[in-house]
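Structure first, then comments.
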Amino acid sequence: FDPLSNAGFAWFTINYRLAPGSHFPAQAEDVDAAIRWVKKHAREYKVDTRRIALMGESAGGHLVSYAGARGKGDTRVAAVVAFYGAHDLLGRAKKLGEINDNVKKLLDIAAPGPDADEKMRVASPITYVHKGMPPYLMIHGTEDKAVPYDQSPLMCAKMKEVGARCEVFTVEGAPHGIGSWEKNPAFQKYKEKMVEWLRQTLK
């Protein structure tokens with residue numbers, strides 16, 4: 001990820017089990033395992049364990065938001081950058097009047113109902129918002145058709161309510177998917193913002 005490399009950040013890319021082969025919380029467990037691995041190998045890679053940030057986009061944005069809110073002890077991190085993540089799965093389903101197919105596969109949901117609602121609530125980062133959670137930067141495009149833009153401001157508002165730090169960086173007119181952003185010079189300001197925010201937050 002050139003913006004991080006050019007700014008001098010050490011970074012790791014991780015894999016996690018995918019749905020429908022593996023259901024939640026397997027994916028979150030894999031993120032936690034990766035955090036522990038990086039901390040265990042911190043000396044080898046010259047990593048400061050007090051300055052670890054999680055970053056993810058789309059499904060990864062949901063996972064880093066979830067991991068950041070729930071992390072403690074050896075899975076706690078210093079900051080989270082979530083690109084167009086779904087932070088409130090239940091709220092999104094209620095607003096749209098349907099459960100996203102990917103969410104059904106992730107949570108092993110067969111049909112709407114109380115059981116499905118509970119699964120979505122448990123898997124939603126917004127459920128675990130608390131004052132002591134790490135600072136969040138949420139980056140989201142206003143023309144996102146996959147994860148509605150309001151998912152990020154809603155999460156941020158909830159965090160501010162309890163005294164946690166967060167910020168939403170809005171990319172006007174941007175759709176879902178950072179790959180498509182690269183084709184439009186107007187969508188590139190997030191890179192500078194992200195690096196500046198990480199430097200300030202992790203100093």
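Heavy atoms only: backbone and side chains are in, while hydrogens, waters and symmetry mates are out.
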Parallel, tilted or perpendicular, as decided by the 30° and 60° cut-offs, for the rings of Phe83 and Trp181: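 Tilted: the ring planes of Trp181 and Phe83 meet at 30° to 60°.
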Tell me whether [X] contacts the main-chain N or O of [Y] through its side chain, where contact means a donor paired with an acceptor under 3.5 Å.
| X | Y | value |
| --- | --- | --- |
| Tyr16 | Ala34 | no |
| His23 | Lys105 | yes |
| Thr75 | Lys72 | yes |
| Gln27 | Phe24 | yes |
| His140 | Pro153 | no |

Before you tell me yes or no, could you show the steps for Val122 and Thr127 under side chain to side chain contact (heavy atoms under 4.5 Å, CB included), namely the whole-Å CA-CA distance, both residues' side-chain angles and the distance that decides it to 0.1 Å? CA-CA 7 Å; Val122 168; Thr127 301; over 6 Å; no
Which value, rounded to the nearest 0.5 Å, describes the distance between [X] atom [atom1] and [Y] atom [atom2]?
| X | Y | atom1 | atom2 | answer |
| --- | --- | --- | --- | --- |
| Met138 | Ser152 | CE | OG | 6.0 Å |
| Glu118 | Leu90 | CD | CG | 9.0 Å |
| Ile52 | Lys39 | CD1 | NZ | 5.5 Å |
| Tyr66 | Leu89 | OH | CG | 10.5 Å |

Could you list all the salt bridge (Lys or Arg N to Asp or Glu O under 4.0 Å) pairs where at least one residue sits in residues 3-22, not counting sequence neighbours?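 Sorted result for residues 3-22: Arg17-Glu29, Arg17-Asp30.
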Enumerate the salt bridge (Lys or Arg N to Asp or Glu O under 4.0 Å) contacts for residues 126-147, please, sequence neighbours excluded, ordered by first and then second residue.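 Qualifying pairs, neighbours excluded: Glu143-Lys145.
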For residues 91-154, pull every pair meeting disulfide bond (SG atoms under 2.5 Å apart), keeping only residues two or more places apart or in separate chains.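 Of all non-adjacent pairs touching residues 91-154, none passes disulfide bond (SG atoms under 2.5 Å apart).
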Pairs meeting criterion disulfide bond (SG atoms under 2.5 Å apart) with involvement of residues 139-203, two or more places apart: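 Qualifying pairs, neighbours excluded: Cys156-Cys166.
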Would Glu182 and Lys191 pass as an ion pair if we require N to O under 4.0 Å?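 Lys191 and Glu182: salt-bridged.
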What I want to find out is whether Asp32 reaches Arg70 closely enough, with some N-O distance under 4.0 Å, to be called a salt bridge.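 So Asp32 does not pair with Arg70 through a salt bridge.
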Could you walk me through whether Leu154 and His87 pass side chain to side chain contact (heavy atoms under 4.5 Å, CB included), step by step? CA-CA 8 Å; Leu154 283 170; His87 306 285; over 6 Å; no
Common cluster, Val64/Met155, ILVMFWY with side-chain heavy-atom separation under 4.5 Å: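 In one cluster with Val64: Met155, yes.
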Which pairs count as side-chain hydrogen bond (donor to acceptor under 3.5 Å, both in side chains) when at least one residue sits in residues 158-174, sequence neighbours excluded?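 Listed once each, the pairs are Tyr149-Thr170, Glu167-Lys193.
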Tell me, please, which residues at least two apart from Thr13 pass side chain to side chain donor-acceptor pair (under 3.5 Å).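 If we apply the side chain to side chain donor-acceptor pair (under 3.5 Å) test to Thr13, skipping adjacent residues, there are no hits.
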